[in-house]
Amino acid sequence: MKDIGQYNHKQVEEKHSKRWVESGIYSVEKPSESRFSLVIPPPNVTGSLHMGHALNATLQDIVCRWQRMLGKSVVWVPGFDHAGIATQYVVDRRLQEEGLSRLELGREEFIKKVWEWVPVSRNSIREQLEKLGVSVDWKRERFTLDEGFSRAVRYAFRRLYEEGLIYRGEYMVSWCPKDLTALSDLEVEHEEEEGKLYYIRYPLEDGSGYITVATTRPETMLGDTAVAVHPEDERYKALVGKRLRLPLVDWQRRAMDGSEVEHLIPIIADPRVKPEFGTGAVKITPAHDPLDFEIGKSHGLAFVQVMDNFAKMNENAGRFAGLDRYKARESILKELEELGLLEKVENHRHAVGKCYRCKTVLEPMVSTQWFLKVSDPRIKETATRVVKESLIKFVPENWAKIYLQWMENLKDWCISRQIWWGHRIPVWHCQDCGYENVFTDEDFDRVYDKLIFNLLADGKIKEEFTPEEVADILNSPSFVHPQMTVLDFYKRFAFHKYHSTSLDANSLRLFISQDLNPTAILTGKAQRYRYNPQKKTYRFVLRCKRCGSERLHQETDVLDTWFSSALWPFGVFGWPEQTQDLKGLYPTDLLVTGFDIIFFWVARMVMLGTYFMKDIPFRDVYIHALIRDEKGQKMSKTKGNVIDPLDIVEKYGADALRFTLAILTQQGRDIRLSEKRFEGYKHFANKLWNAGRFILMNLDPDLLTSLPYGAPPRPEDLWIISRFNKTAERVNKALAEYEFSEAARELYEFIWSEFCDWYIEFSKLRLYAKPDESLPEEERRAQEQRIKAEKITVQATLLNVFEKTLRLLHPFMPFITEELWRDLPTAHKESISLTEYPQPNPAEVHEESEQKLERLKEIITAIRALRSDLRIEPSRKIRLYYRAGESKALVEEFMPHILSLARLESLQEADTEPPNCVAGFSKDFEFFLPVDEGIRVEELINSYSKRLSEVEKSLQSLRQKLSNENFLSKAPEEEVQRARQNLQELEEEKEKVETLLRLLRGVMT
RNA sequence: AGGCGCGUAGCUCAGUUGGCAGAGCGCCUCCCUUACAAGGAGGAGGUCGGCGGUUCAAGUCCGCCCGUGCCUACCA
């Protein structure tokens, strides 16, 4: 007997979210054989979590908690993504607000600023995840730019490079003139725009006429080095081979290879030109258009760049140099028009490529970039096969098709970015022989060399350093795990092999100075370190692998952020070291993510996972919907329509948030979210709380010890147990199929509509039973004992079903279930999440009781409907008479239930209907209420008249159906039977309704 | 231009292999009955986007159309 008071979500959630993290119950040091592993899609450290993250984390957590309760050793690895351009963009914007410019600040200072920002974002995200109640293993937390990951990235790069899968070259890429970097094809957003198509005349060299070309970007004409037509195009066949005078250009242009290019350009034939578009003649600007680039290559044309990285016209643009591309367009068009060379201008709808990050119109540019040859069979074929053969399963499965379609048309992946924040490409160009040296710590034997090299390559120390600086860094707290030092982090996550080696900062100092020891020099061994006596600094010497030169210059480009993300499912387990974790936890069991990053991320993990690990990165990929706002718009900060999950947690609680997201997650459908939804499911949490409150209030302290003295269960006990079992079966099945919405609905339905609405109400009959004081002493004592025995049974059933229900619901609403569960006298563990997940038990399914109770509910509902129609308030108990056929036994068996739940004074059998009464019925159970004052008969007449016309309508269509010979002969027998039975029931009902109406009308008169 | 998805109650959505249209929220009526007014009881509300086809029977299968959203694409 205790009262837990009212539901307070904040209090409940704060209590457990902290406790779960601090007690480390979701941290698994050594996973058992039967394990379930997954890695979180690392959120970007660009700010805080949005609703999409909350959904993503919730779904994973539901699966994790479920699997854990199924007895699996669950390892869920959390972490964060450094998110190259995105983070750089965010920090850049913040600096701009302070009036600072990234370009003025310089690379090194800027990166420092980013490192100052990152923990701010990371901590806020981590706090959000904790508040959501995610059961991740925080001890395994990783960052895509932590020391170990950076090392893994270098290893991966080296392998791919040495195996010929990474190459560098001059290619056409999409260039963002604002972010000043190349982008991969995937990062280009195409937007339909209303543009113009300009028709420009290019005069023939011999003055015999002109050719008109059509273009959307007239400013690129300054870089034209040919005009192309289709070889079969009769209009131009005769002109092929002749030359045209490029208008406006009366200066010498310099091609990318350094040669001078004149303004007379050839007419060439190429089958890639589509004769039906524009005039059938196309100007060729090999340096500023992807197709022109291809054509330029195959025809050996000169590549003339006319713009710089800011998309301003350069020196090749002659008098237009220095103009922005759009200003240049205006000037060029004006001059062409004055010369009479602008034939016409048409409106033209076309797709424009924009930067996915800043929406700037991209400029196709030729530049030197690094590419990963994903089209190589070694990558492409495996990554295709594993999905084709369903080794990796997409859920819903239609995403597999989309994945495969994309894989079909794979183009090489541009992996270099001209930004500052990210993994610097581990290539050192030799200034003397031009050799591209890829260094990793494999190039060094001694563990301290490896350490120093990694610090250097990560930019943690400068080229010139002192041992003290190194020691300081190694002893400083690790970014990801502040309770560890950087050195500890290395030992735990990167140098597993040397775990036992006594690595420490002091011996490192000794080591470096020993390396400089004269004896070492005498042995002729090349020194790794060079000492600068003036500055008292050391240098770690890298030498060109080909010519031995020390004049090396590290590549300034960084890698596309998705390159490191692609290593995530094995990088987090310590790869490239063959750690226990890697062996035990890879491949992971599940990946949960949104469809927007299937190509960016999922595909790349499959490609690099199968390539490096020779095994798939995950077995199931659950693709969830995108969260949109009420209007179906994508939620984004720039649109300002985001619902912050933290606000929702604050207002309605994480449990309500999670349950709402889960129940709205239909496979393959977007989620339109409005705040009202959360409110509704907070009510559900409240309902559950109050059920718990009721049960706890009504448990006798000695219940557990008195269980053996309980009475046999009543049908309603068997009914609720049976219903629970069916619910457990459906919830387990739904979870196994990732049908989150289905599982949540089942739980909601069971808890509210069955357990609370009916079972708790039934339970009150026995809980509140009192002995009849008027009975003689002896009889009263016997009755007391019976009451006590009944109480034990009903309390035990309440407790039993409620306890299991909490467990069944726990993955969805971890906090409230944890809190209530721990209050139960049966709680035997520190957390409900460590108990077993309820499984259906066939021995606990009681069909007969279920049928009885369903019928009982119908009868009670029918009486209530009559009361409601007559506006009889609940406090007024009424006397009822009834007549019944088969239902009679049931009515007698459940008389107290009916009296109580239908709020009756009495229910007596009557052979004929009493005079002057109103009536109702449910199947063969008819009941009559003698009329007294205050009863509104006309309401009832309306109600039954309406029902009568409904019944007649149904009867008509049924009779028609049953008189259709085709139906009788072709439909399955059971279907015909069902229709016949239906007909019979409806006929009976019609009769009853008519009788009732007659009675009512009698009362009226 | 191709590909995918969606149009069911006022709103958000379920509807499994074709067999009498469902839920939540909102709305209406009655009720503060000792777990819960964040509640209880009862109710109203739908030509399942349109047209055609297959079938005894179509929200469900097929075709076309309309509306809508997304993804992919080098049409200058």
Side-chain angles (χ1 to χ4, degrees), chain A residues 3-4 6-7 172 185 190 197-198 213-217 220 228 272-274 276-279 281-285 289-294 348 350-351 353 364 398-399 401-402 405-406 409 595-596 598-599 626 628 630 632-634 663-664 666 668-674 676-677 679-698 741-742 745 748-749 753 756-757 760-761 764 768 861 864-875 877 900-903 939 943 954 957-958 961 964-972 974-976 978-979 982 986:
Chain A
D3 187 355
I4 54 175
Q6 291 194 329
Y7 176 49
M172 179 63 64
D185 299 335
H190 295 275
L197 191 59
Y198 304 92
V213 296
T215 180
T216 52
R217 294 186 299 151
T220 62
R272 283 167 284 194
V273 177
K274 289 180 186 150
E276 65 278 6
F277 188 88
T279 60
V282 56
K283 58 190 269 317
I284 301 296
T285 323
D289 182 275
L291 179 64
D292 295 5
F293 177 82
E294 297 297 327
H348 180 61
H350 63 135
N398 63 309
W399 293 109
K401 211 170 88 190
I402 290 165
Q405 262 171 23
W406 186 74
N409 309 311
F595 63 80
D596 49 329
I598 289 182
F599 305 142
L626 226 57
R628 299 177 184 282
E630 293 138 293
Q633 298 260 323
K634 203 166 161 175
I663 206 163
L664 291 180
Q666 237 82 54
R669 200 193 243 269
D670 287 349
I671 298 175
R672 287 189 184 205
L673 207 55
S674 76
K676 272 199 303 193
R677 309 305 298 261
E679 197 185 340
Y681 294 111
K682 190 197 167 178
H683 294 174
F684 175 56
N686 187 57
K687 186 77 181 173
L688 180 77
W689 181 268
N690 282 305
R693 184 181 179 193
F694 170 80
I695 290 167
L696 287 166
M697 275 165 105
N698 286 291
S741 178
E742 171 74 14
R745 265 202 308 272
Y748 185 94
E749 185 69 15
S753 310
C756 291
D757 284 354
I760 284 186
E761 293 309 319
K764 289 175 183 171
Y768 299 157
T861 303
R864 283 171 172 174
L866 178 79
R867 293 186 60 122
S868 186
D869 279 339
L870 298 172
R871 306 287 187 277
I872 300 172
E873 55 276 27
S875 53
K877 297 205 166 182
S900 160
L901 270 70
R903 307 197 65 75
E939 302 278 351
S943 164
S954 303
S957 79
L958 255 183
K961 196 176 186 179
N964 181 340
E965 276 181 36
N966 277 326
F967 173 70
L968 296 175
S969 58
K970 292 188 181 171
E974 54 182 37
E975 196 54 46
V976 177
R978 199 186 309 179
N982 215 334
L986 281 171

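In what follows, chains carry the letters A, B, and so on, assigned in the order in which the sequence lines appear, proteins first and then strands, with residues in each chain numbered from 1. Just so you know, these numbers come straight off a predicted model, no measurement behind them.
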What pairs with [X] under ring pair (Phe, Tyr, Trp, His ring centres under 6.0 Å), at least two apart in sequence or on another chain?
X         : answer
Tyr198(A) : none
Tyr681(A) : Phe659(A), Tyr748(A)
Phe599(A) : Trp406(A)
Phe277(A) : His348(A)

If you look at every strand shown and take non-hydrogen atoms under 4.0 Å, does [X] touch a base, only sugar-phosphate, or nothing?
X         : value
Arg217(A) : nothing
Glu974(A) : nothing
Arg272(A) : nothing
Ser875(A) : nothing
Ile760(A) : base
Pro364(A) : nothing

Contacts of [X] that satisfy side-chain hydrogen bond (donor to acceptor under 3.5 Å, both in side chains) - sequence neighbours left out:
X         : result
Ser741(A) : Gln666(A), Arg745(A)
Arg864(A) : none
Glu294(A) : none

### Query
What nucleotide, of U33(B), C25(B), C71(B), holds the atom closest to the side chain of Tyr748(A)?
C25(B)
Could you state the atom-to-atom distance from [atom1] of [X] to [atom2] of [N] in whole Å?
X         : N      : atom1 : atom2 : answer
Glu873(A) : U29(B) : CD    : C1'   : 13 Å
Leu866(A) : U29(B) : CG    : P     : 21 Å
Leu870(A) : C31(B) : CG    : C1'   : 15 Å
Trp406(A) : C71(B) : CH2   : C1'   : 13 Å

### Summary
Secondary structure of RNA chain B per the Watson-Crick/G-U criterion (both distances under 3.5 Å; [ ] crossing, | other strand, . unpaired) is (((((((..((((.....[..)))).(((((.......))))).....(((((..]....))))))))))))....
### Check: Cys756(A) and Lys687(A) side chains under 4.5 Å, non-hydrogen atoms
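Answer yes - side chains close enough.
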### Message
Using OP1 and OP2 only, check whether a side-chain N or O of His348(A) sits under 4.0 Å from C75(B).
### Response
no
### Message
On the side chain of Asn398(A), is there an atom forming a donor-acceptor pair with the base of C4(B) - under 3.5 Å, no angle test?
### Response
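Counting by modelled atom types and ignoring angles, no donor-acceptor contact under 3.5 Å is found here.
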### Query
Does a salt bridge link Glu679(A) with Lys682(A), judged by any charged N lying under 4.0 Å from a carboxylate O?
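Judged by the 4.0 Å cut-off on N to carboxylate O distance, Glu679(A) and Lys682(A) do not form a salt bridge.
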### Task
Quick one, give me the B/S/- string for nucleotides 38-47 of chain B, reading 5' to 3', where B means a protein heavy atom under 4.0 Å from the base and S means that only happens at the primed atoms, P, OP1 or OP2.
BSSSS-SS--
